[in-house]
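Each ligand, and each atom within it, is numbered from 1 in the order the structure gives. Side chains are part of it too, since the values below use all heavy atoms of this structure and drop only hydrogens, waters and symmetry mates.
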Amino acid sequence: MKRRTAEPYKIKAVEPLKMLNEQERKEALKKAGYNTFLINSEDVYIDLLTDSGTTAMSDRQWGTLMTGDEAYAGSKSWYKLEQAVKEIYGYNFVIPTHQGRGAENLLSQMKIKEGDYVPGNMYFTTTRAHQELNGATFVDIIIDEAHDSLYDHPFKGNVDLSKLESLIHEVGAEKIPYVCIAVTVNLAGGQPVSMKNMRDVYELCQKHGIDVMYDATRCVENAFFIQEREEGYTDKSIKDILKEMFSYSDGCTMSGKKDCLVNTGGFLAMNDEKLYTRARELVVLYEGMPSYGGLAGRDMEAMAQGIYESIDDNYIKHRIHQVRYLGEQLIEAGIPVVKPIGGHAVFLDAREFLPHLKHEELPAQSLAAALYLDSGVRSMERGIVSGGRNKVTGENNKPKLELVRLTIPRRVYTNNHMDVVADSVISLYEKRDQISGLKMTYEPPTLRFFNARFEPLSPSGELMTNETSSTTT
Ligand code: F0G
């Protein structure tokens, strides 16, 4: 008999949700120009837009808020955070920042020179933007399999060492200020990197005198996959796995809004004292004193506590299993999703889901809008709209992956919520031929996905061309 598991927490405070009826959702969607970013959060039933800053804090974290030391300099709360980062991540030096991109800004400014190359295992939007802003060219060195949504690979976030070696050979090690390794890889579907791969990358880089900097945003999720899948790690604790992972790097940027279990915060960490000394100067310009970096003392307290809670084996096991619980229901129903199911989200393959729509008819945007209309579930388009336009030709970039991301916030929803999401996606799949494509009616010049507006292409002007909703909500 298969034993079922449940959330490793009890619920102490609840936030009641407004449940709009179908007509109200239709109006809300129209008002938002069919863009899920523009829907008011109070009109959303289950919010799977992002796992960033949407975490539920624990009673202990809420408790620490009262003990936050709000001193401008030398705050007690800062020393607690610094201690937690040093103890769990193992780096010598830490600089707090308001969130991950604050750390990316400091790192890119300090290390990159015009004409440099920064190799990475697929890009993340803000990370690459900071690298480019400082004059570097990003080079994708992830294994080819990561670009194939159906290819099942236990460590689909791995670096292809031959790609890295050829780049070093081609441009020279002195043109590569650092290699950026994301653990896990968000845009590949939350896919992990193996310990062996991290070790190999580090060895190769050391041979050439190149630093390895991690994007540690979802490192605890990565550690869980190593424990689950990599030989020799089954009996190791998440804490020990993390320590070993970070030993194969020279520093990291961190968005605390994910695996540090807080609503805001981040940091830059490193082993090199010279780099740290420069970072202490630069952080004052962009974030604040090196003892708060844009954070309130109470935020730093909550993040220190969150870092310790995140390495609890029961917490992280449930976290990954909850995402998988949703993903496996969809796979069983024959829904096209990115495989294997990653750490923080289930990604629907919108081109497979809506084969009657051309790429220009924005399948992922249409599917995200239809999902909200069906059940009030909010998701995020990660496809042609997010891809933007080619700066030179003005043509739409056409990313290979046209996805809808169902991102699961940490400790917020129960498995019953996952069932509601699965039912809605499956019901939509059954009537997928009724989902109309969209056209963009307003296109902002930069990062268009945030504020763009759309209209259905169907002659009736409706998103569902023959509407009969099967949901009860
Ligand atoms: N790196 C990765 C892999 C991320 O996923 C994010 C944010 C960042 C860096 C930037 O961190 O938001 O704290 O400044 N990802 C969010 C998301 C926004 O929805 O995937 P930040």
Side-chain angles (χ1 to χ4, degrees), residues 36-37 41 47-55 95-108 118 120-133 138 140 142 146 156-157 159 178-193 213-222 225 245 249 251-269 283 286-287 293-295 299-300 302-303 306-307 310 323 338 342-347 364 368 378-383 385-386 401 403-410 412 447 449-450:
T36 53
F37 279 101
S41 135
D47 202 345
L48 307 187
L49 188 71
T50 178
D51 63 329
S52 182
T54 52
T55 302
I95 295 280
T97 59
H98 75 286
Q99 58 183 82
R101 64 199 71 182
E104 291 166 359
N105 173 36
L106 299 180
L107 178 70
S108 306
V118 180
N121 52 347
M122 214 177 253
Y123 75 98
F124 182 72
T125 50
T126 57
T127 323
R128 186 175 69 183
H130 279 297
Q131 292 160 1
E132 290 175 348
L133 205 62
F138 167 80
D140 191 3
I142 203 166
K156 223 173 163 180
V159 167
Y178 60 96
V179 175
C180 177
I181 306 296
V183 288
T184 61
V185 185
N186 185 355
L187 298 190
Q191 305 295 342
V193 181
M213 304 299 289
Y214 286 169
D215 176 344
T217 296
R218 296 181 181 86
C219 59
V220 185
E221 293 172 6
N222 201 103
F225 285 114
M245 279 168 59
S249 70
C252 79
T253 55
M254 179 67 167
S255 168
K257 301 172 74 164
K258 285 81 163 176
D259 271 357
C260 299
L261 299 176
V262 281
N263 304 120
T264 196
F267 59 83
L268 170 66
V283 71
Y286 293 97
E287 308 280 322
L295 296 169
D299 295 334
M300 295 191 283
M303 188 148 78
I307 287 173
S310 74
V323 176
V338 173
H344 66 302
V346 176
F347 290 74
R378 169 153 70 174
S379 56
M380 186 191 283
E381 190 264 7
R382 290 276 92 155
V385 178
S386 300
L401 299 176
L403 308 173
V404 170
R405 189 178 75 168
L406 304 168
T407 339
I408 316 301
R410 294 168 183 78
V412 172
L447 296 177
F449 54 93
F450 284 126

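- Distances from atom 17 (C) of ligand 1 to the heavy atoms of R405, M122, H130, M380 put R405 nearest.
- Atoms of ligand 1 found under 4.0 Å from any heavy atom of K257, numbered from 1 in the order shown, are 13 (O).
- For ligand 1, the polar-atom distance check against Q99 finds a nitrogen or oxygen pair separated by under 3.5 Å.
- Contact of the H98 side chain with the Y286 side chain is not registered, since no non-hydrogen atoms from C-beta on lie closer than 4.5 Å.
- F450 meets the side-chain contact (heavy atoms from CB on, under 4.5 Å) test with F37, L447; sequence neighbours excluded.
- Ligand 1 places these atoms under 4.0 Å from at least one heavy atom of G100: 11 (O), 13 (O), 14 (O), 21 (P).
- In terms of the salt bridge (charged side-chain N to carboxylate O under 4.0 Å, His left out) criterion, residue partners of E221 (sequence neighbours excluded) are, by chain and number, R319, R410.
- If you number the atoms of ligand 1 from 1 as listed, the ones under 4.0 Å from a heavy atom of T50 come out as 17 (C), 19 (O).
- When each of T126, T97, T217 is tested with S255 by the rule side-chain contact (heavy atoms from CB on, under 4.5 Å), just one qualifies, namely T217.
- Side-chain contact between L48 and P409: present, with at least one pair of heavy atoms (C-beta onward) separated by less than 4.5 Å.
- The atoms of ligand 1 that sit less than 4.0 Å from any heavy atom of T217 are 1 (N), 2 (C), 9 (C).
- Remark: ligand 1 atoms within the under-4.0 Å shell around heavy atoms of R218 are 3 (C), 4 (C), 5 (O), 20 (O).
- In this structure, the protein non-hydrogen atom closest to atom 10 (C) of ligand 1 is T126 OG1, 3.6 Å.
- Under 4.0 Å is where a charged nitrogen must lie from a carboxylate oxygen, and between R378 and D47 at least one such pair does.
- Atom 6 (C) of ligand 1 has its closest protein heavy atom at F124 CE2, 3.2 Å.
- For atom 9 (C) of ligand 1, the nearest non-hydrogen atom of the protein is E104 OE2, 3.1 Å.
- Annotation: side chain of R218 is in contact with side chain of D51 (closest heavy-atom distance under 4.5 Å).
- Contacts of R101 with ligand 1, taken as heavy-atom pairs under 4.0 Å, involve both backbone and side chain.
- The option with the heavy atom closest to atom 16 (C) of ligand 1, from among H98, K258, M254, is K258.
- Comparing heavy-atom distances from atom 2 (C) of ligand 1 across T253, D215, T407, T125 singles out D215 as nearest.
- Side-chain contact of S52 with K258: a donor-acceptor pair under 3.5 Å is present, judged by distance alone.
- Looking at S255 next to ligand 1, an N or O pair under 3.5 Å apart turns up.
- For the residue pair T127/E104, the side-chain donor-acceptor check at 3.5 Å is satisfied.
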